[in-house]
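First the proteins, then the strands, lettered A, B, ... as listed; each starts at 1.
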There are 2 protein chains.
Amino acid sequence: MIDVTDRKILNILSKDAKASLKLIGNECNMSATAVHLRVKKLEEQKIITGSKSVIDTYLLGYQTQSFIGIYFNKANIYRKVSQALYEIDEVVECNYTTGNFSLLVKVICRDNKHLTEVLSNKIQTIDGVARTETFICLEQTFTREIEF
Amino acid sequence: MIDVTDRKILNILSKDAKASLKLIGNECNMSATAVHLRVKKLEEQKIITGSKSVIDTYLLGYQTQSFIGIYFNKANIYRKVSQALYEIDEVVECNYTTGNFSLLVKVICRDNKHLTEVLSNKIQTIDGVARTETFICLEQTFTREIEF
DNA sequence: ACTGAAAGTGTACAGTG
DNA sequence: CACTGTACACTTTCAGT
């Protein structure tokens with residue numbers, strides 16, 4: 001399905017979506033056009049699904065990132081609660097998980113006051129949400145992409 | 001510092017790093033060149049720090065994503081433990097948090113067997129790690145970028 | 001700070017092995 | 001079928017307003 005060259009391309013693009021085809025071609029001993037064809041194929045196969053610019057949210061005033069574990073008071077409502085969470089702009093990631101919580105979500109707020117408001121006025125008012133547990137990120141020590 | 005046009009540009013690029021300057025220019029009623037100048041400035045200010053292609057890890061055989069809460073048996077060692085975690089390829093995000101755990105990390109593995117191996121042979125052998133708590137993601141209901 | 005024309009890339013297409 | 005070389009479109013740079 002995908003070979004070692006495709007993996008090399010994915011590893012480069014996952015760290016830099018704007019890496020030039022020329023540069024990738026040099027790394028893979030290929031013409032830029034050949035790389036382009038492979039990238040197109042990876043997009044068709046939905047292995048590459050898009051791209052994002054990485055933006056420093058901290059510099060823009062969003063300085064309180066946190067994870068929130070959510071407990072339910074009913075069974076089988078994770079889809080409905082997820083939908084309600086999707087309506088909350090500050091919630092950027094939502095995972096249905098095993099373990100203590102039912103959902104584990106990532107929230108990006110300006111400050112602790114903003115977080116308090118999101119928690120009490122938005123998340124905890126969702127039907128089915130019994131209790132939440134907040135983990136404020138004091139420091140994100142690293143993020144990185146997986147290597148294929 | 002940054003105006004409403006910059007925000008518009010950031011919102012577009014955070015969802016699509018390869019959005020054409022032309023298209024952004026249309027959205028902002030500006031020439032492609034003017035957009036380019038603003039993007040360059042945002043990069044210089046380190047508000048835009050880079051870009052990534054979004055890759056479907058599931059399709060490539062990494063089908064078990066999980067969060068792992070890490071407890072320490074000593075104080076003040078989060079930097080050292082973070083460094084050790086950075087050496088583990090499967091750990092893609094590491095946060096020093098308030099709450100029960102000291103660190104909350106995101107791990108991407110091929111399957112549960114792979115996760116077990118990472119947990120017992122890699123994470124739990126790090127000096128200072130007392131105990132871990134694993135939250136396997138049964139479903140990532142959504143991820144999204146914040147709006148500015 | 002923005003525009004409009006030149007140089008340098010990315011992309012599409014016809015052609016080769 | 002995977003790749004190459006060429007032609008056009010786009011991004012990027014630079015002089016000018």
Item checked: A/Thr5 or B/Ala19, whichever maps to the more 5' nucleotide of DNA chain D ->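 The 5'-side residue here is A/Thr5.
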Tell me: [atom1] of [X] to [atom2] of [N], nearest whole Å?
X	N	atom1	atom2	answer
A/Ile9	D/dA2	CD1	P	12 Å
B/Lys40	C/dC2	NZ	P	13 Å
A/Leu23	D/dT11	CG	C1'	17 Å
A/Glu44	D/dC1	CD	P	13 Å
A/Met30	C/dT11	CE	P	16 Å
B/Ile24	D/dC10	CD1	P	14 Å
B/Lys18	D/dT11	NZ	P	11 Å
B/Asp3	C/dC2	CG	C1'	13 Å

Next item on the list: Measure up the B/Tyr78 and B/Tyr96 rings against each other and bin them: parallel (under 30°), tilted (30 to 60°), perpendicular (over 60°).
Entry: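 Taking B/Tyr96 first and then B/Tyr78, their aromatic rings lie parallel (interplane angle under 30°).
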Next item on the list: Please work out which of the three classes, parallel, tilted or perpendicular, describes the rings of B/Phe142 and A/Tyr86, given edges at 30° and 60°.
Entry: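 Ring orientation of A/Tyr86 relative to B/Phe142: perpendicular.
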Nearest-nucleotide pick for [X], side chain only, options being [options]:
X	options	answer
A/Lys22	C/dG10, C/dT3, D/dC10	C/dG10
A/Leu21	C/dT11, C/dC2, C/dA12	C/dT11
A/Ala34	C/dA12, D/dT13, D/dC3	D/dC3

Item checked: Sugar-phosphate only, base, or nothing, as touched by A/Thr33 at under 4.0 Å among non-hydrogen atoms -> base
Check: Touch check for A/Lys41, heavy atoms < 4.0 angstrom, all strands: base, sugar-phosphate only, or nothing?
Finding: sugar-phosphate
Next item on the list: Kindly say if A/His36 contacts the phosphate of C/dG10, meaning a side-chain N or O under 4.0 Å from OP1 or OP2.
Entry: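 Answer no for this pair, as no side-chain N or O of A/His36 is under 4.0 Å from OP1 or OP2.
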Check: Any ion pair linking B/Glu90 and B/Lys122 (charged N to carboxylate O, less than 4.0 Å)?
Finding: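 A salt bridge links B/Lys122 with B/Glu90.
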Item checked: Heavy-atom donor-acceptor pair, B/Gln63 side chain to B/Tyr58 backbone, under 3.5 Å -> yes
Check: When the nearest nucleotide of DNA chain C is assigned to A/Ser20 and to A/Leu37 on a heavy-atom basis, which residue is associated with the more 5' position?
Finding: A/Ser20
Notebook entry, point to check: Cation-pi between A/Arg7 and A/Phe148: NZ/CZ under 6.0 Å from ring centre and within 45° of the ring axis?
Noted result: no
